[in-house]
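Both counts, for ligands and for their atoms, begin at 1 and track the order of listing.
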Amino acid sequence: MDPEAFRAAAHQVVDLMADYLAGVERYPVFPSIEPGSLRPLFPASAPEQGETIEAILADYQRLIEPNATHWQHPGFLAYFGTTASGPGILGEMLTAALGQNPMLWRTSPIGTELEGVVVDWLRQGLGLPDGWDGLLTDTASTSSLIAIAGARQAAGIDAAANGLPGRPDVPALRVYASEEAHSSIEKACMTLGLGRDALVRIPTDADYALRPDALAAAIGVDRAAGHRPIAIVATVGTTSSTAIDPVAAIAAIAEREGLWLHVDSAYAGAVALIPERREPFRGWERADSIVVNPHKWLFTPLDASLLLTRRMPDLREAFSLVPEYLRTLDRATPVRDYNEYTPQLGRRFRALKLWMQLRWFGLAGLRQRIERHLAMAQTFAAEVDAAEGWERLAPVPFSTVCFRWVGDGSADAAALDVRNAAIMDAVNRTGEVFLSHTRLDGRFTIRLAIGNLRTEEGHVARAWELLRTAAVAS
Ligand SMILES: Cc1ncc(COP(=O)(O)O)c(C=O)c1O
């Protein structure tokens, strides 16, 4: 594709993109198709001869776009939203064209140094003091994995050099997180060779927040049993109910016990951009690492996760490996080669879209949109509270509301679960909005999570109308 053919095709693609964003509400948020129905629409083998871009784009419109789950739809109220803002999409386009790989400084000087700039802009925006550094990864799962690898290294075990199996000097390692912590923490333990058993799930209180007394007791029991605690993970904004672990109390335990504290604020961390709303994060500046996902509530196209840490040298010890072919011979030693801090070598130039977005919105623009989401969630929560036959199941500190239908109170627990699943399914089948669920205290819980850049008050009001209609009908 020569540059002029590229230019013409790119203009067509931009038109497709703008048309998609302008008309996304014409699609059901979740396509009404069954698993396995799409693959047969495609040829079993790749074409032998190349095809025209017109043919490919026609099939894109026919086969791809309508069969997507429309995360860009303002009725997307499931999971935690990931919307791609206009400037973020433009950033992705330029990223693709520049084709950078900031694995080494020399393979992308601008990719490397701009990453330092945006990490620091975000660090300051989130209200964290000097001394915090960090990097961009693909997902919170990877960020937490890197943090726990750093914790393992900081514990002096040097698993990077010596591994773990068959070492009499290394007792069973332990990581602590609440019962409500995200599965990515458990997966990190699996991946790092600690094993799922290494993750000790600490009980939560009535608001689903980790109980510091239970944490301290669990660490004591493990030490007495000869195990080796290495890290605590506190969550600010748990996945199910957006609960807030008491970070300051947990930090005190981590400091006393000499453990690495990682704060998972993948979703809610965005709220810390608002200085008046930093109470839930109090104490996180005492942590060793923090993850906040711009691809969740900062409207950045997937993927972008911000891993902040005060312990960059520990991450480097965990992951640095410099074979001859990656050595820099023709310049002074670079300030940073980011691949030394991550499991993978090749890296995306994520800083570009973040730089464009942060400039386009400004911090004030981001705060204003987050504030609006917080307000919408409070309005919806108040409606649920006021409605007869509905029950809210958790506090609403951020923009996610957990609730269920209870009717006149005569249905038993199992019947309520079935009924609420049916209500959610009926609402999702309308295609106007898309909700997801969790379980809180064993109860089927509908979640309405506001985080989509394009969601307005009317979409949430419509979701509530559809829920009440489904409750009558189901
Ligand atoms: C609290 C929390 N941590 C981690 C994750 C995992 O995020 P990612 O998909 O970026 O790995 C999620 C996902 O929703 C989350 O809610």
Close N/O pairs between ligand 1 and protein, under 3.5 Å:
residue  : atom   : partner : partner atom : Å
ligand 1 : 3 (N)  : Asp264  : OD1          : 3.1
ligand 1 : 3 (N)  : Asp264  : OD2          : 2.6
ligand 1 : 7 (O)  : Lys296  : NZ           : 3.1
ligand 1 : 10 (O) : Ala140  : N            : 2.8
ligand 1 : 10 (O) : Asn293  : ND2          : 2.8
ligand 1 : 10 (O) : His295  : NE2          : 3.2
ligand 1 : 11 (O) : Ala140  : N            : 3.4
ligand 1 : 11 (O) : Ser141  : N            : 2.9
ligand 1 : 11 (O) : Ser141  : OG           : 2.5
ligand 1 : 16 (O) : Thr239  : OG1          : 2.8

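At most 12 heavy atoms of other shown residues, nucleotides or ligands fall within 6.0 angstrom of atom OH in Tyr79. For Arg439, the CZ atom counts as densely surrounded, since its 6.0 Å shell holds more than 12 non-hydrogen atoms of other residues, nucleotides or ligands.
A salt bridge does not link Arg347 with Asp138: none of the charged nitrogens is closer than 4.0 Å to a carboxylate oxygen.
For residues 359-368, the set of pairs meeting the side chain to side chain donor-acceptor pair (under 3.5 Å) definition, not counting sequence neighbours, is empty.
Residues passing the side-chain hydrogen bond (donor to acceptor under 3.5 Å, both in side chains) test with His373, sequence neighbours excluded: Trp297. With sequence neighbours excluded, the residues satisfying side-chain hydrogen bond (donor to acceptor under 3.5 Å, both in side chains) with Asp158 are Gln153.
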